[in-house]
J.: 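Right, I'll just put the structure down here and ask away after.
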Protein chains: 2
Amino acid sequence: MVDTSPSLGRSPSVKDVAAAAGVSLGTVSNVLNRPARVSPETRSRVERAMADLGFVRNESARQLRMGTSHTLAYVMLDASNPFFTDVAQGIELAAEGADISLFLCNSNNSAAREESHLGHLMQQRVQGILLTPVDPESATIDLVAGRGVPLVLVDRKRDDERYCSVAVDDELGGRLAIEHLVDRGHRRVAYVGGPEKLGQVRDRLAGARAAWADAGLLAAHLTVLPTQALTVGEGRGAGERLAGIPASRRPTAAFCANDLVALGLLQQVIGSGRSVPGDVAIVGYDDIYFAAAAAVPLTSVRQPRQELGRTAAELVFAETEPDHLHRQVVFQPELVARASTTGPSSGPSKGPSKGPGKGPGKG
Amino acid sequence: MVDTSPSLGRSPSVKDVAAAAGVSLGTVSNVLNRPARVSPETRSRVERAMADLGFVRNESARQLRMGTSHTLAYVMLDASNPFFTDVAQGIELAAEGADISLFLCNSNNSAAREESHLGHLMQQRVQGILLTPVDPESATIDLVAGRGVPLVLVDRKRDDERYCSVAVDDELGGRLAIEHLVDRGHRRVAYVGGPEKLGQVRDRLAGARAAWADAGLLAAHLTVLPTQALTVGEGRGAGERLAGIPASRRPTAAFCANDLVALGLLQQVIGSGRSVPGDVAIVGYDDIYFAAAAAVPLTSVRQPRQELGRTAAELVFAETEPDHLHRQVVFQPELVARASTTGPSSGPSKGPSKGPGKGPGKG
DNA sequence: CGTTCTTATTGAAAGGTTTCAATCGCTGAA
DNA sequence: TTCAGCGATTGAAACCTTTCAATAAGAACG
C-alpha cells in the first residue's frame with residue numbers, strides 16, 4: 001500500500017487540513033473556492049497540508065450545502081447500439097466545457113430499469129436528465145418533470161409543450177431514402193421494419209409513402225415487410241421472405257428502418273449467393289459506424305448524432321433559466337450514398353427504367 | 001391544516017414531511033429506514049404526507065451522514081466499442097442485485113479524461129471504481145487506490161499484488177486462433193494488429209507464435225502486418241498491403257488482433273472481388289455482435305464479456321471486506337468458428353494440404 | 001495619537017439525513 | 001398506588017462544506 005498520509009481511519013476533511021495548516025476551516029474553504037482572497041503564504045501552507053493529507057473534497061457535503069450538483073445524466077435506451085453512444089459523445093462534448101461530468105445509465109429497453117434509474121437520479125439531485133425513453137408517453141416522465149428536474153427528451157418527441165426535445169425528422173429521412181431509390185430506377189421497393197408501435201418506424205414509412213406517391217408510382221409497389229424488432233436477426237428473416245416473393249413481383253430494393261436490419265438483410269442476400277446492389281439494393285438508417293464498414297458499404301440515412309447530443313445538453317442547461325420556454329428542436333437527416341445502392345451493378349437488373357431517374361450506373 | 005400544495009420553493013425535506021404528518025423528523029426517518037419500528041397508523045400517515053408533498057430523499061445528505069454511497073462506476077476505455085458495452089452490461093447485472101446503480105464514464109482513450117473522471121468519482125465517494133485504463137501502468141491508478149477507493153482493473157492486468165483485476169488470457173486466445181487456422185490447412189498466415197505497445201496486441205501475437213512453433217511450422221511464414229490502431233480503417237489498409245504481397249508468398253489466412261480490424265480486412269477483400277475464405281480466411285478477436293452479422297460471418301475468439309463485468313463487480317464489492325486479498329482473475333477465451341474460415345470454399349486454394357487438418361470443405 | 005479604510009482571517013450557522021440515548025404513555029405485576 | 005417493562009416516539013448531535021457577518025491587523029492619513 002502506498003499510504004503516504006497519516007492514517008486517520010477516515011478521509012481527511014477541511015477541518016483536518018485547517019488543523020494541519022494552523023488556520024481556520026473557513027480559510028481552507030477560501031483556498032478552495034476563492035484563492036485570490038487568501039494571502040500567498042497562507043495559501044501555499046494550506047495547499048501543502050492538503051497534499052500531505054491527501055485531501056479530497058467531499059462532493060456530498062458540498063452539494064448539500066450548495067444545493068447544486070455537477071453531474072448531468074443521460075438515460076440511454078440501448079448502450080449497445082452505436083447510435084446512442086454517439087449521441088452520448090455529443091453530450092459529453094458539451095458538458096466538458098461546463099465542468100460537468102456525465103453519468104450514463106442504460107435502461108436497456110426496459111421500462112422498469114428506466115424508472116429505477118430516474119429514481120436514483122432524482123435522489124442524487126442531478127443538474128439535469130437527458131432521456132431517450134422506452135415509451136415517450138410514459139407517465140414516469142411527467143413525474144420527473146413535475147418534480148422540477150430539468151429534463152430533455154432525446155431522439156424522441158412528444159406533442160407536449162411541457163418538454164424540451166431534440167429529434168430528427170424521420171419523415172424527411174424516409175423521403176430521402178425513397179427518392180434516392182426512385183432516382184436509381186427502382187420501381188418496386190420493400191420497406192423493412194417494425195414493430196409499428198415505434199414512432200420512428202411509422203414516421204419513416206409515412207415519409208417513404210409520401211415520396212413514392214409524389215413520384216407517381218403505384219402504392220401497391222411499395223411493399224411493407226414487417227419485423228418484430230430492429231435487429232440483425234430480423235433483417236436476415238426479412239431477407240428470406242423477400243427471396244420468397246416471385247421474381248416478377250419481387251422488389252429490386254429495400255429500405256430498412258435501421259442499419260441493424262439492413263446489415264442482417266445484406267448478410268442474408270450475400271450469404272445466399274445473390275449480389276448487392278445487383279439483385280437487391282439496400283438503404284439503411286442511422287449510418288452507424290458499421291454501416292460504412294460492411295462488406296458492401298451501406299447507403300444510409302444519417303442523423304446528426306453528436307449534434308443531437310450537444311443540442312440536448314444545451315437545452316437542459318437552459319432549462320434552469322427563469323422564464324424558460326420549452327423548445328422542440330428537429331434536425332434534418334441526410335442521405336449518404338454508398339455501394340449498396342450505387343455499386344458496380346447498380347439499378348434493377350430487368351425491365352426498362354421509365355422514370356426520370358439517372359438510371360443504372362456507377363453513380 | 002395540512003398544506004398539501006407541493007409548491008415550496010425547494011424540494012420538501014424530512015422536516016416538512018414530519019410537520020405535515022404531525023410527527024417528529026426522527027419518526028419520518030424511521031419510516032424510511034426501519035418501517036417495522038413505526039406503528040401502522042403513524043406509518044401510513046407519514047407515507048401519505050410523503051406522497052402529498054412529493055418527497056424525494058436527498059441522497060447527498062444521506063451519503064454525508066452515512067459515509068457510504070450507492071453508486072459504482074465503470075470508467076470505460078471506449079464506449080463506442082461494443083466489447084466494453086457488453087462488459088458494462090455484465091457489471092450492471094451484478095450491481096442490480098445489490099441495489100446499486102452503475103455510473104458509466106467514457107474516457108474515450110484519453111488519459112486526461114480518464115483522470116478527470118477518476119477525480120470526480122473520488123469526490124463523489126463512490127463505493128468502488130471499475131477501470132479499463134488507457135495505460136495500465138499509469139501513476140493515477142496508484143493515486144486512486146492509495147486513497148483507499150476500492151478499484152478493480154477490467155480487461156487489463158498488472159503484475160502487481162496491490163490490485164484486483166479481471167482479464168482474459170490473450171496468449172491462449174492467440175493460440176486458439178492459430179491452431180484453428182493450422183487445422184484448416186493454412187501454412188502461411190498473417191497476424192494483423194498494432195500498435196505493439198498495447199499489451200493485448202503483444203500477448204495475442206506471442207500466443208500465435210507459440211502455437212505456430214508447436215505445429216512445427218517455419219517462423220518466417222507467420223507474417224506480421226502492423227497497424228497504427230485497432231480500427232476498421234486500419235484493417236482495410238492491411239488488406240491492401242496483403243494483396244500487394246506476391247502470390248507465391250502471400251498468406252492464405254489472417255488473424256486479426258480484434259474484430260474491427262477483421263471487419264475492415266473483410267471489407268477490403270470482398271470489395272476487391274476476392275472471396276472469404278477462398279482467397280483469404282479471416283479470424284477476428286472479441287466476437288462482437290457485428291462479427292456474426294458481417295456479410296461473411298466472422299470466425300472470432302470470444303471473450304466472456306458479461307462474465308468479465310460480473311466478476312469485476314463482485315471483486316470490487318469484496319474489496320471492502322477486512323483482510324481482503326487482491327485477486328487476479330484470468331478467464332479463458334473460446335474460438336467461435338464461422339464462415340470466414342469454414343465457408344464454402346474454405347482452406348488455402350492452392351498447394352496440397354499436408355497438415356493433419358480437416359482440410360477444405362464445408363466444415 | 002486617533003480615525004478610517006483595506007485586507008486577511010475567523011467562527012458560527014445552515015443544509016437534510018441518520019442514529020441513539022432519552023422520554024413518553026401504557027400495561028401488567030407487585 | 002407504585003414500579004418495572006415495553007414499544008413508540010422524540011430531540012439533539014454528527015456528517016462536511018460553504019457562506020457571511022464580524023473581527024483583527026495593518027496602512028494611510030490628518
Side-chain angles (χ1 to χ4, degrees), chain A residues 8-47 49-50 53-71 120 122-126 147-148, chain B residues 6 8-47 49-50 53-71 120 122-127 147-148:
Chain A
L8 201 57
R10 58 183 169 77
S11 50
S13 71
V14 278
K15 209 196 281 189
D16 301 313
V17 174
V23 298
S24 83
L25 96 194
T27 300
V28 177
S29 178
N30 280 335
V31 170
L32 287 168
N33 304 299
R34 274 93 97 234
R37 288 218 188 145
V38 181
S39 75
E41 319 86 278
T42 311
R43 184 163 67 222
S44 67
R45 200 146 36 95
V46 171
E47 278 163 351
M50 294 202 290
L53 270 61
F55 170 76
V56 177
R57 220 210 218 96
N58 184 325
E59 174 67 18
S60 299
R62 180 184 179 286
Q63 190 172 318
L64 173 59
R65 176 63 232 241
M66 302 282 285
T68 70
S69 94
H70 274 168
T71 45
H120 274 279
M122 287 175 64
Q123 294 196 359
Q124 303 235 11
R125 302 288 196 273
V126 293
R147 292 271 190 284
Chain B
L8 198 58
R10 58 183 168 78
S11 50
S13 71
V14 278
K15 210 196 279 190
D16 301 315
V17 174
V23 298
S24 84
L25 98 193
T27 299
V28 177
S29 178
N30 281 334
V31 170
L32 287 169
N33 303 298
R34 275 96 93 234
R37 286 215 191 146
V38 181
S39 74
E41 319 84 280
T42 309
R43 184 162 69 223
S44 67
R45 198 146 37 94
V46 170
E47 279 163 351
M50 296 202 289
L53 269 62
F55 171 77
V56 176
R57 222 209 216 97
N58 184 325
E59 176 65 20
S60 299
R62 180 185 179 284
Q63 189 172 320
L64 173 59
R65 175 64 231 245
M66 301 282 284
T68 70
S69 92
H70 274 170
T71 45
H120 273 281
M122 288 174 63
Q123 295 195 0
Q124 302 234 11
R125 301 288 194 275
V126 292
Q127 197 169 85
R147 293 270 191 284

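All values reported here derive from a predicted model rather than from experimental measurement. Note that these values count all heavy atoms, side chains included, but never hydrogens, waters or copies made by symmetry.
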J.: Can you name the atoms? Protein N/O to nucleotides 23-25 of chain D N/O, anything below 3.5 Å, with the distance.
T.:
none

J.: Could you list, one pair per line, each protein nitrogen or oxygen that sits under 3.5 Å from a nitrogen or oxygen of nucleotides 5-9 of chain D, together with the distance?
T.:
{"residue": "dT9(D)", "atom": "OP1", "partner": "Ser39(B)", "partner atom": "OG", "Å": "3.2"}
{"residue": "dT9(D)", "atom": "OP1", "partner": "Thr42(B)", "partner atom": "OG1", "Å": "2.4"}
{"residue": "dT9(D)", "atom": "OP2", "partner": "Ser39(B)", "partner atom": "N", "Å": "3.1"}

J.: Using a 4.5 Å cut-off on heavy atoms from C-beta on, say whether the side chain of Val56(B) contacts that of Arg147(A).
T.: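 Of all side-chain heavy-atom pairs linking Val56(B) with Arg147(A), at least one is under 4.5 Å.
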J.: Rounded to the nearest 0.5 Å, how far apart are CZ of Arg125(A) and OG of Ser69(A)?
T.: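 Reported to 0.5 Å precision, the distance equals 10.5 Å.
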J.: Which residues satisfy the side chain to side chain donor-acceptor pair (under 3.5 Å) test with Gln63(B), sequence neighbours excluded?
T.: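 Only Ser60(A) meet the side chain to side chain donor-acceptor pair (under 3.5 Å) criterion with Gln63(B).
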J.: Under 3.5 Å, side-chain donor or acceptor atoms of residues 18-26 of chain B against the rest of the protein: list the pairs with distances, not counting sequence neighbours.
T.:
{"residue": "Ser24(B)", "atom": "OG", "partner": "Gly26(B)", "partner atom": "N", "Å": "3.3"}
{"residue": "Ser24(B)", "atom": "OG", "partner": "Thr27(B)", "partner atom": "N", "Å": "3.4"}

J.: Could you check how far NZ of Lys15(A) sits from P of dT18(D), rounded to whole Å?
T.: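 Distance, rounded to whole Å: 15 Å.
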J.: Do any of residues 57-70 of chain A sit with a heavy atom less than 4.0 Å from DNA chain D, and if so which?
T.: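 Those residues whose heavy atoms fall under 4.0 Å from DNA chain D, taken from residues 57-70 of chain A in numerical order, are Arg57(A), Asn58(A), Ala61(A), Arg62(A), Arg65(A), Met66(A).
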J.: Please name all residues satisfying side chain to side chain donor-acceptor pair (under 3.5 Å) with Arg57(A), sequence neighbours left out, ordered by chain then number.
T.: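 Partners of Arg57(A) under the side chain to side chain donor-acceptor pair (under 3.5 Å) test: Asn33(A).
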J.: Val14(A): what forms a side-chain contact (heavy atoms from CB on, under 4.5 Å) with it, not counting sequence neighbours?
T.: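 Checked Val14(A) against side-chain contact (heavy atoms from CB on, under 4.5 Å); matches are Val28(A), Leu32(A), Phe55(A).
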J.: Please assess Arg37(A) against Val31(A) for the test side chain to side chain contact (heavy atoms under 4.5 Å, CB included), listing each intermediate value before the final yes or no.
T.: CA-CA 8 Å; Arg37(A) 288 218 188 145; Val31(A) 170; over 6 Å; no
J.: For the helix from dC1(C)-dG30(D) to dA30(C)-dT1(D), what angle lies between the axis at the first five pairs and the axis at the last five pairs, to 10 degrees?
T.: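 About 70°, once rounded to a multiple of 10°.
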J.: Over how many whole Å does the gap from Arg34(A) atom CZ to dT19(D) atom C1' extend?
T.: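 Result: 7 Å.
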J.: Mind checking side chain to side chain donor-acceptor pair (under 3.5 Å) for Gln124(A) and listing every partner two or more places apart, or none if nothing turns up?
T.: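 Per chain and number, Gln124(A) pairs via side chain to side chain donor-acceptor pair (under 3.5 Å) with no residue.
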J.: Compare all side-chain heavy atoms of Gln123(B) with those of Asn58(A) and state whether any distance is below 4.5 angstrom.
T.: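 A side-chain contact is absent here, since even the closest heavy-atom pair is not under 4.5 Å.
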J.: Using a 4.5 Å cut-off on heavy atoms from C-beta on, say whether the side chain of Thr71(B) contacts that of His120(A).
T.: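 With C-beta onward as the side chain, the pair stays apart.
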J.: Is there side-chain contact between Glu59(B) and Met122(A), with at least one heavy-atom pair below 4.5 Å?
T.: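 Counting from C-beta outward, Glu59(B) and Met122(A) never come under 4.5 Å.
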J.: Output all residues satisfying side-chain contact (heavy atoms from CB on, under 4.5 Å) with Arg65(B), sequence neighbours left out; order by chain, then residue number.
T.: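 None.
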J.: I'd like the 5' and 3' limits of the part of DNA chain C contacted by chain B, with heavy-atom contacts below 4.0 Å.
T.: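 Answer, 5' to 3': dG16(C) to dT19(C).
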J.: Of all residues at least two apart in sequence or in a different chain, which pass the side chain to side chain donor-acceptor pair (under 3.5 Å) check with Ser39(B)?
T.: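 Thr42(B).
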J.: Please give, in whole Å, the distance from dC15(D) C1' to Leu25(A) CG?
T.: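 Result: 13 Å.
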J.: In Å, rounded to the nearest 0.5 Å, how long is the span from OG of Ser11(A) to CG of Asp16(A)?
T.: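 The distance works out to 9.0 Å.
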J.: Calculate the interatomic distance between Asp16(A) atom CG and dC16(D) atom C1'; express it in whole Å.
T.: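 Distance, rounded to whole Å: 10 Å.
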J.: Quick one: closest heavy-atom pair of Val38(A) and Arg43(A), and the distance?
T.: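 For Val38(A) versus Arg43(A), the nearest heavy atoms are O-NH1, 3.5 Å.
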